[in-house]
Protein chains: 4
Amino acid sequence: MAKTQTRRKDTSQRIQDTALELFLEHGYEKTSLREIAERLDVTKAALYYHFKTKEDIVLSLLDRLGTSFDELIAWAEGEPPTLETRRELLRRLNEVLADGASLFRFLQENQAALRDMRPGEDFKERMKSLGGLMADPEADMVGCIRSVSALFTVYFGGFALTDMEGTMEEKRAALLQVADEMLTAAHARETG
Amino acid sequence: MAKTQTRRKDTSQRIQDTALELFLEHGYEKTSLREIAERLDVTKAALYYHFKTKEDIVLSLLDRLGTSFDELIAWAEGEPPTLETRRELLRRLNEVLADGASLFRFLQENQAALRDMRPGEDFKERMKSLGGLMADPEADMVGCIRSVSALFTVYFGGFALTDMEGTMEEKRAALLQVADEMLTAAHARETG
Amino acid sequence: MAKTQTRRKDTSQRIQDTALELFLEHGYEKTSLREIAERLDVTKAALYYHFKTKEDIVLSLLDRLGTSFDELIAWAEGEPPTLETRRELLRRLNEVLADGASLFRFLQENQAALRDMRPGEDFKERMKSLGGLMADPEADMVGCIRSVSALFTVYFGGFALTDMEGTMEEKRAALLQVADEMLTAAHARETG
Amino acid sequence: MAKTQTRRKDTSQRIQDTALELFLEHGYEKTSLREIAERLDVTKAALYYHFKTKEDIVLSLLDRLGTSFDELIAWAEGEPPTLETRRELLRRLNEVLADGASLFRFLQENQAALRDMRPGEDFKERMKSLGGLMADPEADMVGCIRSVSALFTVYFGGFALTDMEGTMEEKRAALLQVADEMLTAAHARETG
DNA sequence: GATGAATGAGTGTTCATTCAT
DNA sequence: CATGAATGAACACTCATTCAT
């Protein structure tokens, strides 16, 4: 009795979900508001009641991600720049990526479309920060790349290994392990 | 008197160049044929004299890339699957990437837009082939990933390190060196 | 304790005021109910509690004007058609115009928009009546125009002299004086 | 054989004509490009081949008017500021108004809609210039208004006397005559 | 008295594409 | 080789309006 429409959740939420779904299917630009509305069985105008523009929908989607990312960076900046911190950073990054997998895929596949929207820029910035946190400040170019490569493994591996056999959990675990090895090896060279 | 229009190169070529230029600036979907035509100072209809559709322009651009890639794969498949082959493969891939840098960036940033065009599919396929050639057929998941990570480093490093200081040549060389180390280390473990 | 909300006047009144304000700023067609509601800090639906349609708001605004106008005409029709009556008519018209200045400006600037609404038609009608009352019934075309021109001066002068220096009161007084002269001169010719 | 389509004149011209026709019938805002296109039996997109925006259509319409007006002002500014000049100015203005009658009516009835477009502003400016040229620079407010009223008669009389009996030519002639009298009378007082 | 959610019909505008010349 | 003129389909977005609560 508490709710008249048990299934309907929040409409804004449903719009976000369906939008992401379609953005992943056909890409951001090729997904029209008409399609989103039709799949939700509401009118286009209803979308505009909940979001000011199409861009707004995507912004609302990426908000969640941005926050997780920022927290991750904030945490790492508060820790001493040791190997241990970096290993933990990789571990946590892996979790964030796993949680927001489809959003990250959307981000990755639609870079051109999102480029001149706020969060396109923002995520570039954040990746740079992460990169900076991975490498020893005194490392030379090769040294830097050794560490940053670990980040690539965790980050791009998630997209690139879609067709590899095995569950996503297994693959993520394996990627993390390899990245961890890389980080450790890089550290050994540096201090060796 | 040999040529009436010394400067004009081939018009088809100029269209391709300008198109790529604009695709990189604003993305494939947001670049209209009108824009391309205007920047070339011809009419839209003129483009249709040289290319059947907008998609055709992008296909013609990616043709060159596809060929290099296929040759690379064909070469590697003809060699014994040794560490040395894989190191050479990485070296050659690096060259192909350097040569077609802007095309690869275009490919990377417009995945969603190109997804349901021929070459989108094709390049996915080719990347899988390359992945397969990098890893020992008997390696387990982690083993595979160790080798494939070297590929990630060379491939994604090119995009991700744009803002890093240093010339692109230096960075590519460093990426290749690190990837080579990774490959060697992976091999050592495997045979270790 | 007599009123719970001392400041709020009547909401209907506030809607009318804000609507007129916005109609004058951007014009009737370009003013949306959303804007009116936002400036009043209520919802669009609230407007519909007080007025049946957007047109209704404008009708309610012009009602006051229409009445003054009709009274003016009724008065003049009850008087003998002498010069003195016409001079007084001009004087009274000037007052009505001064009182409803912003409404008249609205009417004037939005003729096209109001054309197929009731009051658009009505005001045209009323202006014709006024015109008829100004001129001697036996006057020829030029004679008519001499008298009606006095009316133009009072009526259009109010809009056209906005940027002239001086207060609105001064300008209105001057306009009335000139119109009065015109009327008298016209009469002199007629009876001369 | 010279022309394949004898009747078609210039399409741009036909668009302008039809647009003005409809703007006068329903007002600028209430006339949609769909309507214009339908009445011309072309597609909306065809309009966009000839004019960049809806606003552009109206600008192109008013261009002609603006020029006549500017020439008129330029002429008057080059003459000595005598009564004779002003009488001639009125005569010429009357002609310009007669020629562009429907455009002026459009301008007059759609002030609100045109307000924040270029020519809305421009025409206000031009009317002020004309006003300045009518009156003696040394005249006081009432003196000014006496002269400017002559201008009102010619200008607004054209719109206000639509329903009066008589041909438009007759009415325009009568309006001009009365305005001329007013000017002369005003001058007499000034120099009297 | 007023709101939150939604609708249906429209708007101006842009796009890839075509074709006679 | 290339253009001028046009099209059909779509798009993002806005509006006045409704109605259950």
Side-chain angles (χ1 to χ4, degrees), chain A residues 4-5 8 10-12 14-15 29-37 40-57, chain B residues 4-5 8 10-12 15 28-37 40-57, chain C residues 4-5 8 10-12 15 28-37 40-57, chain D residues 4-5 8 10-12 14-15 29-37 40-57:
Chain A
T4 338
Q5 314 234 170
R8 207 163 258 258
D10 188 49
T11 304
S12 295
R14 288 176 65 230
I15 294 174
E29 312 256 22
K30 289 213 296 247
T31 301
S32 71
L33 294 186
R34 180 182 47 74
E35 274 177 291
I36 300 178
L40 279 167
D41 204 43
V42 295
T43 56
K44 263 189 296 173
L47 304 184
Y48 279 91
Y49 179 79
H50 295 279
F51 297 93
K52 275 209 327 269
T53 64
K54 187 186 182 189
E55 189 169 329
D56 235 53
I57 298 181
Chain B
T4 342
Q5 316 232 173
R8 206 167 258 260
D10 186 48
T11 304
S12 296
I15 293 174
Y28 174 72
E29 311 257 21
K30 289 213 294 250
T31 301
S32 69
L33 294 185
R34 179 178 51 70
E35 272 177 292
I36 299 177
L40 279 167
D41 206 41
V42 296
T43 55
K44 263 186 297 174
L47 303 184
Y48 279 89
Y49 181 81
H50 296 277
F51 297 93
K52 269 205 343 257
T53 66
K54 187 186 181 188
E55 191 169 327
D56 237 51
I57 298 180
Chain C
T4 342
Q5 316 232 171
R8 204 166 258 259
D10 187 48
T11 303
S12 296
I15 293 175
Y28 174 71
E29 311 258 21
K30 288 212 295 248
T31 301
S32 69
L33 295 186
R34 179 177 52 71
E35 273 178 290
I36 300 178
L40 280 167
D41 205 40
V42 295
T43 54
K44 264 187 294 174
L47 304 183
Y48 279 88
Y49 181 81
H50 295 277
F51 296 94
K52 268 204 345 256
T53 67
K54 186 186 181 187
E55 192 169 327
D56 237 52
I57 298 180
Chain D
T4 339
Q5 314 236 168
R8 207 163 257 261
D10 189 48
T11 304
S12 295
R14 289 176 65 230
I15 293 174
E29 312 256 22
K30 288 212 298 245
T31 301
S32 70
L33 295 185
R34 180 181 49 74
E35 274 177 291
I36 300 178
L40 280 167
D41 204 42
V42 295
T43 56
K44 264 189 296 173
L47 304 184
Y48 278 91
Y49 179 78
H50 295 278
F51 297 94
K52 274 210 327 268
T53 64
K54 186 185 181 189
E55 189 169 329
D56 235 53
I57 299 180

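Protein chains get the first letters and strands the later ones, always in sequence-line order, with residue 1 at the start of each.
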For [X], check side chain to side chain donor-acceptor pair (under 3.5 Å) against everything at least two apart and list the hits.
X       : value
C/Lys52 : none
B/Lys44 : none
C/Glu35 : C/His26
C/Ser12 : C/His50

Can you figure out which of [options] approaches the side chain of [X] most closely?
X       : options                : value
D/Val42 : E/dC15, F/dT7, F/dA12  : F/dT7
D/Tyr48 : E/dT14, F/dT14, F/dA16 : E/dT14
B/Arg34 : E/dC15, E/dA6, E/dT13  : E/dC15

Rounded to the nearest angstrom, tell me the gap between atom [atom1] in [X] and atom [atom2] in [N].
X       : N      : atom1 : atom2 : value
C/Ile36 : F/dT17 : CD1   : P     : 11 Å
A/Ile15 : E/dA5  : CD1   : C1'   : 11 Å
A/Lys54 : F/dA10 : NZ    : C1'   : 12 Å
A/Arg14 : E/dA5  : CZ    : C1'   : 13 Å
B/Lys30 : E/dA16 : NZ    : C1'   : 18 Å
D/Leu33 : E/dA9  : CG    : P     : 21 Å
C/Phe51 : E/dA2  : CZ    : C1'   : 15 Å
D/Glu29 : E/dG12 : CD    : P     : 10 Å

Notebook entry, point to check: Between the main-chain N or O of C/Thr31 and the side-chain N or O of C/Lys54, is there a donor-acceptor pair closer than 3.5 Å?
Noted result: yes

Notebook entry, point to check: Which part of the nucleic acid, if any, lies within contact of C/Ser12, taking any heavy atom under 4.0 Å across all strands shown: a base, the sugar-phosphate backbone alone, or nothing?
Noted result: nothing

Next item on the list: Report yes if a side-chain nitrogen or oxygen of D/Thr11 is closer than 4.0 Å to either non-bridging phosphate oxygen (OP1 or OP2) of F/dA6; otherwise report no.
Entry: yes

Check: For E/dT11, does either OP1 or OP2 sit under 4.0 Å from a side-chain N or O belonging to D/Ser32?
Finding: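 D/Ser32 to E/dT11 OP1/OP2: side-chain N or O found under 4.0 Å.
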
Checklist line | First encountered from the 5' end of DNA chain F, between B/Ala46 and A/Glu55 | finding: B/Ala46

Notebook entry, point to check: So which one's nearest nucleotide on DNA chain F is more toward 5', D/Ala45 or C/Lys52?
Noted result: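 Nearer the 5' end of the strand: D/Ala45.
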
Note to self: Please enumerate all residues that pass side-chain contact (heavy atoms from CB on, under 4.5 Å) together with C/Ala45, with sequence neighbours excluded.
What the structure shows: C/Thr43

Checklist line | Gap separating the CG atom of D/Asp56 from the OG1 atom of D/Thr53, nearest 0.5 angstrom | finding: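 Between D/Asp56 CG and D/Thr53 OG1, I get 4.0 Å after rounding to 0.5 Å.
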
Note to self: Heavy-atom nearest nucleotide on DNA chain E for A/His50 versus A/Lys44: which residue maps closer to 5'?
What the structure shows: A/His50

Notebook entry, point to check: Relative to the 5' end of DNA chain E, which residue comes earlier, C/Tyr49 or A/Leu47, by the nucleotide with the nearest heavy atom?
Noted result: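 By nearest-heavy-atom nucleotide position, the 5'-most residue is C/Tyr49.
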
Next item on the list: Check B/Ile15 against B/Phe51 and note the closest heavy-atom contact, atom names and distance.
Entry: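 Distance-wise, the nearest heavy atoms are CG2-CE1, 3.6 Å.
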
Check: DNA chain E in dot-bracket, Watson-Crick or G-U pairs under 3.5 Å, [ ] crossing, | other strand?
Finding: .||||||||||||||||||||

Item checked: C1'-based separation of E/dG1 from F/dT21 [nearest Å] -> 13 Å

